[in-house]
Structures are given as structure tokens and as C-alpha cells.
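Encoded as C-alpha cells, the structure appears first; notes follow it.
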Amino acid sequence: MAVETERRWRNILTSQMIPEACGEGKLSEPSTARAAASSPELLAASRCILAIDMDCFYAQCEEIRHPHLKGRPVGVQQKMLVITSNYAARACGIKKGDSLQVVREKCPEITICNGEDLTFYGELSQRAFDVAARWSSKVEKLGLDEVFVDVTELVAERFRALDDPEACLRLASTGHEYPKESESGSSEVRVRQGDWKDLDDAHRCWARLALASEICREIREAILSEIGLTSSAGISVSKQLAKMVSSWKKPSQQTLFLPTADRLGHLLPDDLPVQKVPGIGFASTQKLHELGVRTTGEVLSAVVPEGEEYGRLLTEFDAGALRTMKALCLGIDASPVKASGAPKTCSVQDSFWQGPVRTDVQVRDNLLALAQKLITKIRSDERMYGYRPIPTFSLSLMHAPSSDGGAARRGRKQMQLGSFQIARQPGEQGDDERLQGQIADRAFALFRKLVPAEEPFVLHILNLQVGFGEALGAQRRLSFGASAPSATASAAAQLQAPVEDIELTDSDGDGEAGRNQTPPVSTERPDAVATLVSMGFAQDRAQRALAQCCDVPRAVEMLLAGGPSSSPTRLPRRDVSSRAEKRQRLNCPAPEASGAIIDLLD
DNA sequence: ATGGGTCCT
DNA sequence: AGGACCC
């Protein structure tokens with residue numbers, strides 16, 4: 001028995017798993033000598049990366065939201081287009097950007113869901129992310145429906161278990177292996193300690209990826225059983241390669257890619273159009289086309305530094321960009337999987353291609369509508385990531401192309417906000433309406449800076465964006481002991497908490513939340529305290545703020561935001577007048593004591 | 001297409 | 001502030 005499995009293992013290692021040439025006919029241009037050049041270092045590389053991609057994500061979300069739709073044709077609509085559909089609908093021939101009209105003709109049975117509000121999708125996406133995060137701390141989000149997971153560590157851990165002479169590991173890759181037609185999942189071997197020593201890079205790499213493929217299956221299974229989402233995935237040594245094979249078998253399947261020269265030749269044939277390479281986008285493709293370069297093979301022959309074409313490439317790209325592009329065409333991508341935290345920005349945008357915006361009144365109306373959407377999104381963000389301060393706010397817009405042939409101008413204007421408190425009492429909804437008006441006012445002020453009064457304009461896009469700061473209470477471990485909630489603990493609590501339980505700092509800063517996170521009064525840094533007192537802050541508040549913040553500017557921000565305080569806030573004297581002035585200039589209503597406050601200190 | 005996001009100059 | 005990439 002043992003002999004038998006050992007023999008199978010040898011077989012698998014030597015011939016079947018890593019054949020010298022896979023597939024018979026050549027699908028496209030034969031693999032290049034250049035691919036052979038990159039293969040050794042890829043096989044020697046030690047990373048194991050998963051690219052997991054939810055199948056027709058929005059449509060699946062709708063099936064989860066409306067269980068009776070499961071398995072029946074479903075389309076998701078935005079504006080007048082059906083932007084995606086489930087596989088039942090695709091079976092009727094429905095394609096990605098079909099108009100509502102066309103879809104109804106192809107499939108009268110179809111149920112159309114409105115997919116303009118992304119809140120629910122965002123929440124399921126976050127849950128899928130959290131599942132993956134149980135296997136690795138390095139999980140990177142790419143849009144709502146995709147994650148990269150670096151499982152190198154975990155693979156190494158499981159690999160190490162093989163060194164225990166008592167422990168045998170069942171080893172088999174799970175799912176497909178590019179570019180083989182049959183699934184390899186059935187092969188199963190038992191490996192013992194000594195076997196690993198003799199492996200060459202290719203076999204060792206395959207063994208790691210096989211372990212990774214098992215981990216990948218575990219993660220996808222958990223996402224399916226806990227959330228109900230099916231996914232497809234790629235397993236390889238880099239984000240690029242994992243991503244490129246992830247879509248090879250869909251839906252609900254996974255593919256391992258071992259970067260041998262011949263397989264690379266298949267995945268990145270010389271005649272592959274450049275835009276198929278992840279990392280080479282629209283702009284680069286345009287520029288390359290102007291230079292007569294259309295395929296990866298052409299990139300590779302053009303990008304040799306001594307060649308004559310190289311000079312022409314340098315007119316459009318810098319040397320660094322060319323190196324990156326060359327590497328990608330060779331299948332080399334060293335970019336790390338970056339642990340995605342909470343989103344850093346949040347934006348909303350409306351476009352007006354059909355009926356452009358031409359008057360101040362229209363601008364105001366649209367900014368009001370955008371402000372409403374923005375608040376909704378921020379609330380959803382709070383639900384998922386806890387309350388965070390909002391230090392920046394920006395408006396951007398796109399003008400129509402000028403009639404005399406000029407290109408469409410764009411503009412962006414940002415303001416730093418001393419604080420931008422979007423807070424409310426637990427369970428209370430009422431303030432958001434006033435907040436909406438205040439945000440629209442800020443936005444209009446920015447608009448005025450971009451487009452002076454009286455100047456005519458024709459707008460096609462309006463966009464509002466806020467930038468988040470660190471979670472309150474997450475300020476480094478400067479403060480003492482356990483009295484300040486740790487970032488992770490409060491984040492975890494907030495993630496589970498219903499809306500009403502989220503710790504909110506109300507604008508007066510004297511709510512329960514403020515009290516709970518008030519650390520012991522610090523007696524340190526008397527000079528910094530003095531600075532804050534001279535700005536008009538109460539001494540005790542200044543001390544507490546400094547205990548939570550590293551530096552004076554942060555402390556100022558916190559104090560202006562209303563916390564920390566156990567007594568009613570007094571605004572710093574100097575600022576009262578200047579703010580009133582600005583308020584007048586901007587024609588903004590004065591914020592009321594109990595309401596949300598936006599301090600404008602630019 | 002649309003309406004988000006990220007990172008690098 | 002703008003541009004490039006991604007979904």
C-alpha cells in the first residue's frame with residue numbers, strides 16, 4: 001500500500017503533474033524563449049496567492065436577498081442597462097450591457113432587480129472578505145466582488161507539518177490545473193518527510209500551490225456555506241498569474257497555475273493583445289497602439305533598451321513604466337497583496353450626459369441630492385467599520401468639452417476640515433436632513449472656487465468625496481492601560497453591533513461615548529497643554545485630548561470635533577469669530593449646539 | 001456604461 | 001490636483 005502510493009507520487013511528480021508539454025496542438029504563437037527565461041525565478045519564488053472572484057456578484061446578491069429567485073433568470077439593472085445577470089439568464093443569451101428592451105425579448109421570464117443601491121452588495125462583500133481573513137491577514141479587496149489572499153504563511157505552516165515524521169499529509173491539488181482539460185482533484189498521495197529534500201523548484205512550487213489550492217477550496221467553501229456565494233478562483237505565485245487563471249473555469253471552480261515555461265507560453269502567448277494583461281490598462285494600450293505595438297510579443301521585442309524601438313517607447317512611457325510592462329508581459333509581478341483595511345475614501349457621483357447642468361440652481365439641487373447619497377453611504381460605512389472622523393472633503397466636476405474643440409476640462413477642489421462631524425444620537429435619525437444641507441453648502445462653496453460667479457458653465461459630472469481619518473479611540477497606544485478602547489476591540493465590537501449601539505461622539509462631546517473613552521488625565525507635556533489652553537480650550541479637555549493623540553494638531557482636531565469632554569464644549573475663542581465670518585461669506589447657516597457640526601478651517 | 005475605489009506622480 | 005489602474 002505504502003509502496004503503491006509512493007509510486008504514484010513519483011509518477012505524479014515526474015511526468016503527469018508537470019508534463020514538459022501540455023496540450024497537443026499549439027493554440028497560438030508558440031511559447032517564447034523569453035517565457036523560458038522568466039520561469040525559473042517564478043518557480044523559485046515562494047509566494048502562494050489566491051485570486052477569488054464572486055460569480056456574477058450582483059445577481060447572486062439578489063438571489064440571496066430574494067431566495068425565491070434562486071436559479072431563475074435574474075438581471076440587475078442600472079439606469080437603462082442590465083449590467084449583469086445570473087447564469088440562468090445567461091443561458092437565454094443575455095449579455096452584459098444589454099438594454100432592458102433586448103433582455104425582455106430574449107427572456108420574457110426574467111426578473112429584473114434594481115442595482116443602483118450598492119449597500120447590500122457592499123455588506124455581503126465585506127462578509128466574504130471577513131471569511132477570507134480567517135485564513136490570512138493579507139487579504140486585498142479589488143472592487144466588491146474580488147479578493148487576493150496571500151496564503152504563503154499558512155502554506156509554509158502546513159508544509160512544515162510534513163517534517164514531522166509521524167505526520168503524513170494528504171496532498172493533492174484541488175480543482176483544475178491550467179491548461180489541462182481534466183480535473184486533477186482525484187489524485188491523492190501520501191508524502192513522507194524525506195521526499196521533499198530532493199524536489200526541484202518546479203516540484204516544490206507545485207507542492208506549495210497544491211496546498212494553497214486546498215486552502216482556497218476551504219475558503220470558497222466557507223464563503224458558500226456561510227454567505228451563500230459561489231466564487232471562482234486562481235491559485236499561483238503572484239496576483240497577476242492567479243488573476244489571469246481565475247476566470248479560466250467559471251462558475252464555481254478554481255484553477256491552479258504552475259509557472260513553467262510551457263504553461264507561461266500558453267497563458268501569455270506572443271500574440272496576446274496587450275490589454276488582456278492585468279496592469280496594462282486603457283491608456284497604455286492606446287499609447288502602445290499609436291506606436292504600432294499590439295501584443296505582448298511586440299512589447300517584449302520593442303522594449304530592449306538598445307533596440308531602436310525603445311527610443312520611441314520612451315516618448316510615451318518612462319523607463320520605470322516600461323520595466324513594469326515588460327515584466328508583466330513575461331508574467332512577472334512582484335506586487336504584494338496589501339491588507340485592505342476600511343475604505344479610505346467614500347464618494348458619490350452623478351452624471352448628466354443627456355441634460356447637462358448649466359445653472360447655479362441646478363448645481364445646488366444636484367449637490368443636495370448627492371449629499372443625501374453621501375450621508376447614506378457614510379452611515380453604511382459606520383455600520384461596517386465603526387465611526388471615523390472625516391478630515392477632508394472634496395468636490396470634483398467635469399465640464400462639457402468646449403465648443404471650440406477643446407477637451408473636456410476637469411476640476412477638483414478639496415478642503416481640509418478641522419473636523420467634520422457626522423454624528424447623531426443613538427437611534428435618532430433627524431439630524432441627517434440638516435447635515436445634508438450643510439454638506440451641500442460646503443460643496444457649493446467649493447464649486448464657486450472652481451467656477452466663479454457669472455461665469456457660464458456646462459457640467460457633465462458632479463462628484464463629492466470625503467476622506468476618513470483613523471477611528472476615534474484608535475490613536476496609538478500613547479494613552480494609558482485599557483481605559484482607551486483598542487482599535488481592534490472597538491472595531492470588532494462595532495462590526496457586530498446594531499446601528500444604535502455604535503459608539504458615537506455627539507457634537508457636544510458629552511455623551512456616554514465620550515465619557516467611556518475618556519482616559520485618565522495626563523500630567524505630561526505641560527507645554528503642549530499650555531498651547532491648547534492658549535487657543536481657548538479648557539485645560540482638562542486639552543490634557544485628555546493630548547493623552548489620546550500624539551501631537552498638538554491631532555489634539556486640536558479632536559477638541560474641535562467635540563471630544564474628549566465630560567463637560568459642555570466651549571469653542572475656542574479665536575475660532576468663534578473667524579468661523580462666523582467664514583460662515584457669512586459662504587452663506588452657511590450657523591450650526592446649532594446640539595446638531596452635527598462642520599468646522600471649516602481652511 | 002456607470003459609479004465606485006486604489007495608488008503614484 | 002491629476003492620472004493611471006482596477007471592478
Side-chain angles (χ1 to χ4, degrees), chain A residues 51-58 61 75-84 95-100 102-103 114-119 121-122 125-126 128-129 140-148 231 239-240 242-244 246-247 274-288 316-321 324-325 328 333 335-354 369-370 373-374 376-378 380-381 385 392-398 407-416 446 449-450 460-468:
Chain A
I52 305 177
D53 185 319
M54 305 305 145
D55 302 317
C56 51
F57 182 58
Y58 290 3
C61 289
V76 179
Q77 175 190 12
Q78 259 176 15
K79 291 287 192 282
M80 291 315 285
L81 294 175
V82 173
I83 52 161
T84 191
K95 293 282 183 295
K96 215 136 218 182
D98 286 349
S99 71
L100 214 49
V102 172
V103 166
N114 186 317
E116 279 161 29
D117 182 354
L118 306 186
T119 313
Y121 309 151
S125 169
Q126 182 58 36
F129 179 97
E140 179 176 338
K141 272 182 85 127
L142 201 58
L144 288 183
D145 68 336
E146 234 183 286
V147 289
F148 290 110
S231 56
K239 291 200 286 183
Q240 182 204 5
K243 185 183 174 65
M244 285 186 79
S246 69
S247 56
V274 288
Q275 65 270 29
K276 304 274 190 191
V277 179
I280 301 181
F282 180 82
S284 297
T285 300
Q286 297 292 106
K287 291 178 187 172
L288 287 171
E316 296 286 351
F317 303 93
D318 66 33
T324 306
M325 225 159 54
L328 289 175
D333 165 34
S335 65
V337 175
K338 292 203 277 189
S340 299
K344 299 171 171 68
T345 61
C346 172
S347 69
V348 290
Q349 166 173 322
D350 273 337
S351 56
F352 318 96
W353 300 100
Q354 14 51 281
L370 279 173
K373 292 186 193 177
L374 185 62
T376 303
K377 288 195 75 177
I378 291 172
S380 160
D381 186 278
Y385 309 103
T392 66
F393 176 62
S394 74
L395 168 96
S396 42
L397 53 76
M398 194 165 111
R409 283 174 302 145
R410 295 209 260 184
R412 184 152 109 187
K413 207 72 189 170
Q414 184 168 80
M415 59 170 87
Q416 299 300 320
L446 292 175
K449 292 188 191 179
L450 287 166
H460 278 173
I461 292 178
L462 279 173
N463 172 292
L464 295 184
Q465 176 169 8
V466 294
F468 293 113

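Residue numbers begin at 1 in each chain, while the letters A, B, ... track the order of the sequences.
In terms of position on DNA chain B, the residue among Ala342(A) and Lys79(A) whose nearest nucleotide sits closer to the 5' end is Lys79(A).
Proximity note for Leu142(A) (side chain, C-beta onward) versus dC6(C), dG5(B), dG3(B): the nearest is dC6(C). In this structure, of dC5(C), dA1(B), dC7(C), it is dA1(B) that holds the atom nearest to the side chain of Leu81(A). Among the nucleotides dG5(B), dA1(C), dC6(C), the one closest to the side chain of Lys413(A) is dA1(C). Looking at the side chain of Lys344(A), the nearest of the listed nucleotides dG5(B), dT2(B), dC7(B) is dC7(B). With dG2(C), dT2(B), dG5(B) as the choices, the nucleotide that has an atom nearest any side-chain atom of Arg412(A) turns out to be dG2(C). When each of dA4(C), dG5(B), dG3(B) is scored by its nearest atom to the side-chain atoms of Asp350(A), the top-ranked nucleotide is dG3(B). Checking dC7(C), dT6(B), dA1(B) against every side-chain atom of Ile83(A), the shortest atom distance belongs to dA1(B). When each of dT2(B), dC6(C), dG5(B) is scored by its nearest atom to the side-chain atoms of Lys243(A), the top-ranked nucleotide is dC6(C). Taking the side chain of Arg410(A) as heavy atoms from C-beta on, and the options dC7(C), dT6(B), dG3(C), the nearest nucleotide is dG3(C).
Atom CD of Gln126(A) and atom P of dG5(B) are 13 Å apart (whole Å). We find that NZ of Lys373(A) is positioned 17 Å from C1' of dG5(B), with the value rounded to whole Å. Rounded to a whole Å, the CZ atom of Phe352(A) is 9 Å from the P atom of dG3(B). At whole-Å resolution of the value, CG in Asp145(A) and P in dC7(C) are 9 Å apart. Here the C1' atom of nucleotide dC6(C) and the NZ atom of Lys338(A) are 12 Å apart, to the nearest Å. Atom pair Glu146(A):CD and dC5(C):P shows a separation of 17 Å (rounding to whole Å applied). Taking atom CG of Leu118(A) as the reference point, atom P of dG5(B) lies 8 Å away to the nearest angstrom. Going from atom CZ of Phe129(A) over to atom P of dT6(B) covers 12 Å, rounded to whole Å.
Remark: Ser284(A) is in phosphate contact with dC5(C), judged by side-chain N or O atoms under 4.0 Å from OP1 or OP2. Considering only side-chain N and O atoms, Lys377(A) lies under 4.0 angstrom from the phosphate OP1 or OP2 of dG5(B). One finds a side-chain N or O of Trp353(A) lying less than 4.0 angstrom from the OP1 or OP2 phosphate oxygen of dT2(B). Using a 4.0 Å cut-off, some side-chain N or O of Ser351(A) falls inside it from OP1 or OP2 of dG3(B). Taking side-chain N and O atoms only, Ser347(A) has a distance below 4.0 Å to OP1 or OP2 of dG5(B). A close approach under 4.0 Å does not occur between any side-chain nitrogen or oxygen of Thr345(A) and OP1 or OP2 of dG4(B).
Between Tyr121(A) and Phe57(A), the angle of the ring planes goes over 60°, which puts this pair in the perpendicular group of the 30/60° scheme.
In this structure, the separation between OG on Ser335(A) and CD on Glu140(A) is 7.5 Å, given to the nearest 0.5 Å. A distance of 6.0 Å separates CG in Leu464(A) from CG in Leu374(A), rounded to the nearest 0.5 Å. Atom CG of Leu142(A) sits about 7.5 Å away from atom NZ of Lys239(A), to the nearest 0.5 Å.
The two atoms that bring Leu144(A) and Gly122(A) nearest to each other are CD2-CA, 4.0 Å, heavy atoms only. Closest approach of Ser340(A) to Lys141(A), counting heavy atoms only: OG-N, 2.8 Å.
Contacts of Glu116(A) with the nucleic acid, taken as non-hydrogen atoms under 4.0 Å apart, are absent. At the heavy-atom level, Gly97(A) lies nowhere under 4.0 Å from the strands shown. Using a 4.0 Å heavy-atom criterion, one finds that Phe282(A) contacts the sugar-phosphate atoms exclusively.
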Evaluate side chain to side chain contact (heavy atoms under 4.5 Å, CB included) for Lys373(A) paired with Gln349(A), printing each intermediate quantity in order.
CA-CA 9 Å; Lys373(A) 292 186 193 177; Gln349(A) 166 173 322; over 6 Å; no

